[in-house]
S.K.: 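My questions all concern the structure below.
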Amino acid sequence: VQLQAFGGGLVQAGGSLRISCAASGRTFSDYTTAWFRQAPGNEREFVAAIHWDGRSTYYIDSVKGRFTISRDHAKNRVYLQMNSLKPEDTAVYYCAAAHGAAISWFARVIMTTGSYDYWGQGTQVTVSS
């Protein structure tokens, strides 16, 4: 499956942004999908994940209540709605996917970069103070 992340940009602190991950090549609805982010000088960090069936989601504590991950099976897309953005949310955001049969829905698994086989190219999100 090929992934393409887009929709990033520059936003002021407190603002909102929705980034998207478009998939092609396979039945995307079979894939558990996650968003990771990487700020300069930092390791890639898990942000949120959504189960392939769309019924379960998981977030890191720092974005709970502010970010929402969702998916549209008909459009082969996964979204990350980001509200109340903070300067520390500034990073390149990557979408990643793994076939539902190949990834277990446990936090220690879905939060690990090595659990995902497919990655998009990243989209820059910059939050100004």
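Every value quoted in this text rests on a predicted model; they were computed, and no experiment measured them. Atom set for the values below is all heavy atoms of this structure, side chains included, hydrogens, waters and symmetry mates excluded.
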S.K.: Under 4.5 Å between side-chain heavy atoms, counting indirect links through other Ile/Leu/Val/Met/Phe/Trp/Tyr residues: same cluster for Val109 and Tyr58 or not?
M.R.: yes
S.K.: Taking atom types as modelled, is there a side-chain donor on Gln124 or Thr126 under 3.5 Å from an acceptor on the other?
M.R.: yes
S.K.: Going by the angle between their ring planes, with limits at 30° and 60°, are Trp105 and His51 parallel, tilted or perpendicular?
M.R.: perpendicular
S.K.: Would you say that Glu45 contacts Met111 through its side chain, given a criterion of any heavy-atom pair below 4.5 Å between the two side chains?
M.R.: no
S.K.: Can you tell me how far apart OG1 (Thr68) and OH (Tyr59) are? Round to the nearest 0.5 Å.
M.R.: 4.5 Å
S.K.: If you round to the nearest 0.5 Å, how far is CZ of Phe67 from OG of Ser84?
M.R.: 9.0 Å
S.K.: Got a donor-acceptor contact below 3.5 angstrom from the Thr123 side chain to the Ala5 backbone?
M.R.: no
S.K.: In plain terms, say whether Lys86 and Asp89 are close enough for a salt bridge, that is, a side-chain N and a carboxylate O under 4.0 Å apart.
M.R.: no
S.K.: Is there a path from Ile60 to Met82 through hydrophobic residues (I, L, V, M, F, W, Y) whose side chains come within less than 4.5 Å of each other?
M.R.: yes
S.K.: With a 4.5 Å heavy-atom cut-off, do His73 and Asp53 have their side chains touching?
M.R.: no
S.K.: Which atoms form the tightest heavy-atom contact between Ser129 and Pro87, and what is the distance?
M.R.: CB-CG, 3.8 Å
S.K.: Do Leu17 and Phe6 land in one hydrophobic cluster if side-chain heavy atoms of ILVMFWY residues count as linked below 4.5 Å?
M.R.: no
S.K.: To the nearest 0.5 Å, how far apart are OG1 in Thr57 and CZ in Arg71?
M.R.: 12.0 Å
S.K.: Could you give the distance from OH (Tyr116) to CD1 (Ile110), rounded to the nearest 0.5 Å?
M.R.: 5.5 Å
S.K.: Counting only heavy atoms not in Lys75, do more than 12 sit closer than 6.0 Å to its NZ atom?
M.R.: no
S.K.: Does anything in residues 12-21 pair up under side chain to side chain donor-acceptor pair (under 3.5 Å), and if so which pairs, sequence neighbours excluded?
M.R.: Ser16-Asn83
S.K.: Using every non-hydrogen atom in the two residues, find where Ser115 and Ala98 come nearest and quote the distance to one decimal.
M.R.: O-CB, 3.4 Å
S.K.: Considering non-hydrogen atoms only, spot the tightest contact between Ala48 and Leu80 and give its length.
M.R.: CB-CD1, 4.2 Å
S.K.: How long is the straight-line distance from CD of Glu88 back to OG of Ser62, given to the nearest 0.5 Å?
M.R.: 8.5 Å
S.K.: Would a 4.5 Å heavy-atom cut-off, applied to side chains only, mark Phe46 and Thr112 as touching?
M.R.: no
S.K.: Using 0.5 Å steps for rounding, measure from the CD1 atom of Ile50 to the OG atom of Ser56.
M.R.: 8.5 Å
S.K.: Quick check on the 6.0 Å ring-centre criterion: do Phe36 and Trp119 meet it?
M.R.: yes
S.K.: Is there side-chain contact between Trp52 and Ile103, with at least one heavy-atom pair below 4.5 Å?
M.R.: no
S.K.: Locate the shortest heavy-atom distance separating Gln38 from Asn42; write the atom from each residue and the value.
M.R.: NE2-O, 3.1 Å
S.K.: Within the side chain of Thr90, is there an N or O that forms a donor-acceptor pair under 3.5 Å with the backbone of Val127?
M.R.: yes
S.K.: Got Phe28 and Arg77 here, is their nearest side-chain heavy-atom distance under 4.5 Å?
M.R.: no
S.K.: Got a sec, which pairs hit ring-ring contact (aromatic ring centres under 6.0 Å, His included) with one end in residues 78-100, sequence neighbours left out?
M.R.: Tyr31-His99
S.K.: State, yes or no, whether a side-chain contact exists between Tyr118 and Cys95 at a heavy-atom distance under 4.5 Å.
M.R.: no
S.K.: Should Phe106 and Val47 be counted in the same cluster of Ile, Leu, Val, Met, Phe, Trp and Tyr side chains packed under 4.5 Å apart?
M.R.: yes
S.K.: Between Leu10 and Ser128, which heavy-atom pair has the shortest distance, and what is it?
M.R.: CD1-CB, 4.3 Å
